[in-house]
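Quick note: numbers below take in every heavy atom, side chains included, and nothing from hydrogens, waters or symmetry partners. Residue indices begin at 1 and follow the sequence shown.
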Amino acid sequence: MQIHKKYQELWADATEKSIGKRLGFIVDDKLVSAPMVNMRIENGMSSLYGYSRQELEGFKKNIISL
C-alpha cells in the first residue's frame, strides 16, 4: 500500500519511533496485521502479507471509504 504523499513524513516519523516494535494496521476496528518495524520508511510504501486478494480488496474498500 502507498501512504498519501501529504502523510509520508508522519508515516516516516511513526516508523522511526517504532523500530524494533510492532506497528498495527487496524481496518474496520480489527487488527489485520502487526509487522515488526525494521527501519524508518520514508517512501510511504508498506505491505500486508498472508491475506487473500479478496481480503485485501475489502481492506482497501474500507480504507478508501474513510
Side-chain angles (χ1 to χ4, degrees):
M1 72 182 156
Q2 174 72 44
I3 303 297
H4 190 282
K5 193 158 192 83
K6 81 178 192 182
Y7 299 111
Q8 284 182 3
E9 188 63 30
L10 289 171
W11 183 242
D13 292 343
T15 56
E16 182 175 36
K17 291 176 185 173
S18 299
I19 293 171
K21 301 175 186 171
R22 295 191 175 277
L23 189 62
F25 289 93
I26 298 173
V27 178
D28 199 22
D29 294 325
K30 295 177 187 158
L31 179 66
V32 297
S33 183
M36 181 71 68
V37 179
N38 298 316
M39 59 186 279
R40 178 179 169 94
I41 303 171
E42 295 185 9
N43 67 0
M45 296 295 294
S46 299
S47 300
L48 296 174
Y49 295 99
Y51 295 93
S52 69
R53 182 159 187 84
Q54 182 178 6
E55 289 171 311
L56 292 171
E57 288 296 328
F59 297 160
K60 179 179 171 184
K61 183 179 177 182
N62 286 333
I63 291 169
I64 291 173
S65 69
L66 298 175

Is it true that L56 and M45 fall in one hydrophobic cluster, defined by side-chain heavy atoms closer than 4.5 Å?
-> no
Measure from the side-chain N and O atoms of Q2 to the backbone N and O of N43, and report whether any donor-acceptor pair falls under 3.5 Å.
-> yes
At their closest point, which heavy atom of E42 faces which heavy atom of A12, and how far apart are they?
-> CA-CB, 4.0 Å
Indicate yes or no for a side-chain donor-acceptor contact from T15 to the backbone of I41 under 3.5 Å, with no hydrogens or angles considered.
-> yes
Grab the two heavy atoms, one from L31 and one from S33, that are nearest each other, plus how far apart they are.
-> CD1-O, 3.4 Å
Under 3.5 Å, side chain of S52 to main-chain N/O of E55, donor-acceptor pair present?
-> yes
L10 reachable from I3 in the ILVMFWY side-chain graph, under 4.5 Å edges | yes
With a 4.5 Å heavy-atom cut-off, do L23 and M36 have their side chains touching?
-> no
